[in-house]
Amino acid sequence: MNENLSVLGVFALLSILAVGGGAAVLPETKALVVESHHWLTDDGFRDIYGLGQVVPGPNMLMVIVIGYHVTGYVGALLAFLGFFVPAGVISWGASRVWDHFEGSPWRRSLQQGMAPLVVGLMAAGTISIARTAIDGTLTILIAVAVFAGVYFVKKVNPAILVLGGGLVGLALLSGTGAGLP
Amino acid sequence: MNTPAQPGPGAAPDTEAAPYAVPRDVRLWDIFLTFLGIGAVSFGGGVVAYLRAGLVIRKRWLDEEHFLSALEISQALPGLNATNMSIIVGDRLRGVWGSIIAFLGITLPGGTMVLILGVAYAANASNPYVNAALVGVGAAAVGMLSAVTLQIGRKQLGSLVDIVIILVTVGMVSFLHISLVWVLLTVGPVAVFLYRPRRQAADAPGGSSE
């Protein structure tokens with residue numbers, strides 16, 4: 001019961017803080033889920049983030065799995081609603097009044113000022129996943145290969161590269177006990 | 001701009017001069033299926049590109065300008081671009097119900113799949129094969145996130161002010177572990193202030209922002 005409320009509260013807070021999208025709120029998600037509430041281990045968080053990468057739609061749908069880990073299907077539903085509804089309602093309301101600010105020069109200031117902040121938050125999100133996901137030569141090679149594929153070869157669907165990373169891991173790491181505690 | 005009532009029944013040039021009108025008679029079912037389709041195929045992040053292909057090009061429910069304006073709102077506000085845009089576009093098409101239906105459509109396929117994977121993962125969290133595959137996926141995710149960050153951030157790297165804002169943000173979040181609330185409340189206003197409206201918007205010289 002209390003855990004359910006915590007799930008709803010944590011993800012509702014993250015929803016409101018998710019300025020700049022999913023990657024930008026990743027460090028805070030990890031801090032709350034792993035460090036404050038101990039719902040998951042570092043590796044568990046990385047794994048679940050990985051699950052979000054291989055399904056279609058926004059990859060932050062992985063919050064559903066985090067909720068499921070805490071209190072089962074109820075937690076899954078609460079995490080989903082908590083993470084998407086508050087921000088959705090804000091956007092819905094804002095889009096209805098947005099045009100009133102059509103001519104305001106502050107709209108441009110807001111965009112220009114927030115753009116680098118969001119990039120910084122995304123970089124921090126990358127760092128927070130890298131801290132657990134990058135461990136040893138093979139993971140570095142996979143990350144570099146996928147980076148190059150996404151950044152330089154624009155025609156490739158990133159999902160295929162992510163799945164490819166999974167297959168490489170499966171083929172080369174399954175004998176080594178990587179990722180086990 | 002509205003075309004003023006013309007003298008006489010000259011309705012001919014209307015189609016060309018009239019501004020783009022949001023279609024009013026889109027059925028909820030159609031909205032649901034369209035967003036469900038986008039939600040089911042948009043693998044690999046970057047859902048916005050799939051939305052544009054589906055809504056602007058295929059369905060012609062929005063023109064480019066309305067699409068970009070919805071994107072602008074989504075980016076400036078909390079939440080994911082994909083879901084926020086679905087809500088905004090759904091609202092423009094059919095009001096509140098349109099936005100709820102569009103939101104459910106875009107999230108249902110991926111949400112169901114990730115839950116199935118999550119339940120399977122919970123049962124096999126210590127399986128060495130599952131772990132090995134997810135180590136690979138995690139590493140790949142780092143590669144993808146850094147590529148996307150660089151793609152979006154490339155523009156900013158030409159401006160000293162932007163570089164400072166990026167570095168301060170990364171430092172506060174990744175190294176000082178300051179809560180995102182405080183980062184947004186401190187860096188946000190400073191960054192917007194640095195870009196405050198001026199008579200001729202020249203980029204502020206690279207002053208450090210503490």
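Reminder, nothing fancy here: chain letters follow the sequence lines and each chain counts from 1. Values below: all heavy atoms of this structure, side chains included; hydrogens, waters and symmetry mates excluded.
Both the backbone and the side chain of A:V162 come within contact range of chain B, with heavy atoms under 4.5 Å apart. Looking at A:A31, there are no atoms closer than 4.5 Å to chain B (heavy atoms on both sides), in backbone or side chain. Of the atoms belonging to B:S99, it is side-chain heavy atoms, and not backbone ones, that fall under 4.5 Å from chain A. Residue A:L110 touches chain B through both its backbone and its side chain, counting heavy-atom pairs closer than 4.5 Å. Only the side chain of A:I48 comes within contact range of chain B, with at least one heavy atom under 4.5 Å from a heavy atom of that chain. Of the two parts of A:S15, only the backbone, made up of N, CA, C and O, holds a non-hydrogen atom closer than 4.5 Å to a non-hydrogen atom of chain B. In this structure, no portion of A:L32 lies under 4.5 Å from any heavy atom of chain B. Neither the backbone nor the side chain of A:V118 comes within contact range of chain B; no heavy atoms are under 4.5 Å apart. For A:F152, no part lies near chain B; criterion is any non-hydrogen pair under 4.5 Å. Only the backbone of A:L161 comes within less than 4.5 Å of a heavy atom in chain B; its side chain stays farther off. In this structure, the portion of B:Q75 lying under 4.5 Å from any heavy atom of chain A is its backbone and not its side chain.
Note that CD1 of A:I134 and CD1 of A:I142 are 8.5 Å apart. Values are rounded to the nearest 0.5 Å. Summarising the geometry, atom CG belonging to B:L167 is positioned 13.0 Å from atom CE belonging to B:M172; distances are rounded to the nearest 0.5 Å. To the nearest 0.5 Å, the span separating CG on B:L51 from CD1 on B:I57 amounts to 11.5 Å. The CG atom of B:L180 sits 11.0 Å away from the CG atom of A:L26 when rounded to the nearest 0.5 Å. Atom CG of B:L93 and atom CG of B:L55 lie 8.0 Å apart (nearest 0.5 Å).
Comparing A:V65, A:V55, A:V19 by heavy-atom pairs within less than 4.5 Å of chain B, the highest count is held by A:V55. Contact tally against chain A (heavy-atom pairs below 4.5 Å) for B:V96, B:L157, B:V183, B:N81: the top residue is B:V96. Options B:S146, B:G153, B:A141 differ in how many heavy-atom pairs under 4.5 Å they form with chain A, and the most are formed by B:S146. Put simply, of B:G188, B:G171, B:S69, B:S179, the one with the most heavy-atom pairs under 4.5 Å next to chain A is B:S179. For chain A, the option among B:G118, B:G143, B:A82 with the highest count of heavy-atom pairs below 4.5 Å is B:G143. No other option in A:V168, A:V54, A:N59 has as many heavy-atom pairs under 4.5 Å with chain B as A:V54. The most heavy-atom pairs under 4.5 Å with chain A, out of B:I106, B:V114, B:V130, come from B:V114. Of the listed residues (B:G79, B:G111, B:G90, B:P78), the one with the most heavy-atom contacts under 4.5 Å to chain A is B:P78. Taking A:P86, A:G52, A:P27, A:P105 one by one and counting their heavy-atom pairs under 4.5 Å with chain B, the maximum is reached by A:P105. Options A:Y73, A:F84, A:F83, A:F147 differ in how many heavy-atom pairs under 4.5 Å they form with chain B, and the most are formed by A:F147. With respect to chain B, the highest number of heavy-atom pairs below 4.5 Å among A:G113, A:G22, A:P116, A:A87 belongs to A:P116. Note: A:L117 leads A:L163, A:D135, A:L117, A:L13 in heavy-atom pairs under 4.5 Å with chain B.
A cation-pi arrangement is not found for B:R94 relative to B:F32, the charged atom failing to lie both closer than 6.0 Å to the ring centre and inside a 45° cone about the ring normal.
Nearest heavy atom pair, residue B:G138 against residue A:I129, reads O-CG2, 4.4 Å.
Ion pair B:D30/B:K59 flagged as a salt bridge, since at least one NZ, NE, NH1 or NH2 atom sits closer than 4.0 Å to an Asp/Glu carboxylate oxygen.
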ring-ring contact (aromatic ring centres under 6.0 Å, His included) between A:F80 and B:F103, worked out: CA-CA 12 Å; A:F80 173 71; B:F103 166 72; 5.6 Å; yes
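Side chains of B:Y195 and B:D162: a donor on one and an acceptor on the other come within 3.5 Å. For the residue pair A:N4/A:T71, the side-chain donor-acceptor check at 3.5 Å is satisfied.
Note on ring orientation: taking the six-membered ring where Trp is involved, the planes of A:H69 and B:Y121 are tilted (angle from 30° to 60°).
Enclosure of atom CD in B:E65 is not indicated, since only 12 or fewer non-hydrogen atoms of other residues, nucleotides or ligands lie within 6.0 angstrom. In the displayed structure, B:R27 atom CZ is contacted under 6.0 Å by at most 12 heavy atoms of other residues, nucleotides or ligands. Within 6.0 Å of atom CH2 in A:W106, more than 12 heavy atoms from other residues, nucleotides or ligands are found, so the atom counts as buried in its surroundings.
Looking at heavy atoms from C-beta onward, A:I66 lies in side-chain contact with A:F11 at the 4.5 angstrom threshold. Proximity of A:V25 to A:L121: side-chain heavy atoms (C-beta onward) are nowhere separated by under 4.5 Å.
Residues of residues 88-95 of chain A placed with any heavy atom under 4.5 Å of a heavy atom in chain B are listed by number as A:G88, A:I90, A:S91, A:W92, A:A94, A:S95.
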